[in-house]
Amino acid sequence: MPAWADHPGQAKLVQEVAKDTGKDPAQLNALLDGAKMQQSILNAISRPAEAKPWSDYRQIFLTPQRIDAGIDFYRAHRALLEKIGAEYGVAPQYIVAILGVETFYGRNTGKYKVLDALVTLGLYYPPRAAFFRDQLKTLLELPDSQLAGPVDTLTGSYAGAQGWGQFMPGSIRDFAVDEDGDGRIDLQNSLPDILASVANYFAKHGWVSGGMVAARAQPDGAAKQLDVKDSTPQWTIEQLEAWGYAPIQHLDPGASSSVQKFQGLNGPEYWFTFQNFYVITRYNRSPMYAMAVSQLADAIAAGANSPEQATQ
């Protein structure tokens with residue numbers, strides 16, 4: 001492809017990757033020349049599911065089909081899940097729930113070429129170009145042993161996330177693990193690698209083994225209005241109670257928490273959220289995402305461990 005037809009910023013990107021890795025610039029240019037800007041990707045990023053209210057968002061992920069499939073998955077892979085859960089200190093139902101929310105347990109890992117997605121968003125989408133260009137650079141710098149196949153064959157989401165757990169290139173670099181010990185990290189085909197990488201992601205972000213994720217709160221009429229910018233735990237339960245937020249179940253008064261408000265089917269819902277809720281938002285910054293993962297995990301654990309389920 002002639003130089004005039006290169007993607008904007010391609011020459012500088014290739015120069016940086018070649019300098020960092022020693023890879024051949026001609027091969028890097030050939031890879032990028034084969035990538036296409038996709039208008040459908042630019043369209044998709046402008047309408048994320050997180051724009052919906054919680055009452056609608058919840059119905060996407062807390063369906064009987066997704067819960068039942070999660071229960072079946074947990075039961076089918078219980079030994080591996082419990083081994084990995086113990087190794088990383090993460091309860092298995094949360095690992096399963098991430099896969100359930102992200103890809104319906106590996107059934108829908110994405111149809112876009114990862115290279116197309118990251119070229120489109122990194123080089124043609126100014127609002128978030130810095131982030132996606134960095135992810136594109138990381139993808140080009142990852143060793144072959146950390147990818148499920150050749151770079152130009154990888155498929156994933158419109159944002160360039162790949163595998164059952166939808167890892168971005170930076171997350172593959174920093175958190176993915178070769179759990180099956182075959183010398184390759186394969187987040188598309190190796191269930192041990194897939195499950196352990198999700199667990200390691202949580203562990204490395206500060207997951208508290210055995211800790212709570214969220215619990216309902218009931219505000220009184222004079223409850224203090226709180227300025228909650230993110231999910232960082234910043235007040236004790238005792239302090240929140242003093243401000244008018246009553247727990248519906250017994251909670252440790254000294255536990256560090258935050259409060260999230262969601263628009264439910266029957267009006268506002270208030271939830272105490274803890275460190276593990278915050279950790280889930282490191283996977284996806286949306287509090288609604290973390291709540292969906294938490295509630296799906298609860299439903300999966302209840303079904304997988306129920307006597308009725310065990311005898312079917």
Side-chain angles (χ1 to χ4, degrees), residues 48-50 53-55 57-58 61-62 85-98 100-102 131 165-168 170-171 174-175 197-264 267-302:
E50 283 77 11
W54 167 241
S55 55
Y57 185 89
R58 185 183 189 278
F61 300 107
L62 273 293
E87 182 180 352
Y88 292 93
V90 178
Q93 63 264 31
Y94 295 102
I95 305 172
V96 178
I98 286 287
V101 168
E102 290 291 344
F131 170 77
Q166 294 289 276
F167 272 42
M168 295 296 288
S171 293
D174 297 338
F175 306 110
S197 294
V198 172
N200 187 52
Y201 189 101
F202 278 2
K204 288 293 199 298
H205 282 87
W207 186 267
V208 177
S209 181
M212 294 188 69
V213 175
R216 282 299 289 267
Q218 184 64 53
D220 62 33
K224 178 177 178 169
Q225 293 297 308
L226 299 175
D227 182 21
V228 180
K229 292 185 171 59
D230 61 22
S231 303
T232 306
Q234 51 190 315
W235 304 291
T236 63
I237 293 293
E238 186 175 42
Q239 177 66 75
L240 290 166
E241 281 196 79
W243 285 340
Y245 295 88
I248 291 175
Q249 66 192 84
H250 174 72
L251 299 173
D252 175 4
S256 186
S257 176
S258 184
V259 172
Q260 294 290 330
K261 178 183 177 182
F262 298 100
Q263 192 57 44
E269 296 178 9
Y270 293 83
W271 291 81
F272 297 115
T273 61
F274 303 92
Q275 171 67 14
N276 287 349
F277 186 95
Y278 172 79
V279 171
I280 299 172
T281 67
R282 300 307 87 194
Y283 211 99
N284 179 310
R285 299 302 165 102
S286 165
M288 289 192 296
Y289 174 93
M291 187 57 72
V293 168
S294 175
Q295 293 189 2
L296 181 59
D298 288 345
I300 289 168

Worksheet item: Between Tyr201 and Val90, is a side chain to side chain contact (heavy atoms under 4.5 Å, CB included) present by the stated rule, with each step listed?
Response: CA-CA 10 Å; Tyr201 189 101; Val90 178; over 6 Å; no
Discussion item. Set out, in order, the CA-CA distance, both residues' side-chain angles and the distance that settles side chain to side chain contact (heavy atoms under 4.5 Å, CB included) for Ile237 and Phe274, then state yes or no.
Written reply: CA-CA 10 Å; Ile237 293 293; Phe274 303 92; 4.0 Å; yes
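Minimum heavy-atom separation, Pro253 to Thr236: O-CB, 3.5 Å. Phe272 and Ala217 get closest at one heavy-atom pair: CE1-CB, 3.4 Å.
For the atom pair CG of Asn284 and CD of Glu102, the computed distance is 7.0 Å after rounding to the nearest 0.5 Å. Once rounded to the nearest 0.5 Å, the distance linking CE of Met212 with CD of Gln249 reads 4.0 Å. In this structure, CG on Asp174 lies 12.0 Å from OG on Ser197, to the nearest 0.5 angstrom. Here Gln239 contributes atom CD and Ser256 contributes atom OG; the two are 11.5 Å apart, rounded to the nearest 0.5 Å. Between the CG atom in Leu226 and the OH atom in Tyr245 there is a gap of 4.0 Å [rounded to 0.5 Å]. For the atom pair CD (Gln275) and OG (Ser258), the distance works out to 11.5 Å, reported to the nearest 0.5 Å.
The shortest distance between side-chain heavy atoms of Tyr94 and Asp298 falls below 4.5 Å. Residues Tyr278 and Val208 are not in side-chain contact: their nearest non-hydrogen atoms beyond the backbone lie 4.5 Å or more apart. Taking 4.5 Å as the limit, some side-chain heavy atom of Phe262 sits within range of a side-chain heavy atom of Pro287. Side-chain contact between Met291 and Gln260 is absent, with no heavy-atom pair separated by less than 4.5 Å. The shortest distance between side-chain heavy atoms of Phe175 and His205 falls below 4.5 Å. Counting heavy atoms from C-beta on, the side chains of Ile280 and Phe202 come closer than 4.5 Å.
By the 6.0 Å and 45° rule, Arg285 does not stack over the aromatic ring of Tyr289.
In summary, the aromatic rings of Trp271 and Phe277 are positioned with their centroids too far apart to meet the 6.0 Å limit.
Side-chain polar atoms of Gln263 and Tyr57 form no donor-acceptor pair below 3.5 angstrom. Thr232 and Asp230 are linked by a side-chain donor-acceptor pair at a separation below 3.5 angstrom, with hydrogens and angles left out of the test.
Considering Val293, Ile300, Val198 as possible partners of Val96, the one that fulfils the side chain to side chain contact (heavy atoms under 4.5 Å, CB included) test is Ile300.
Surrounding CD of Glu238 are at most 12 heavy atoms belonging to other residues, nucleotides or ligands under 6.0 Å away. Atom CD of Gln225 sits in a sparse spot, with 12 or fewer heavy atoms from other residues, nucleotides or ligands closer than 6.0 Å.
At least one donor-acceptor pair under 3.5 Å links the side chain of Ser257 to the backbone N or O of Thr273.
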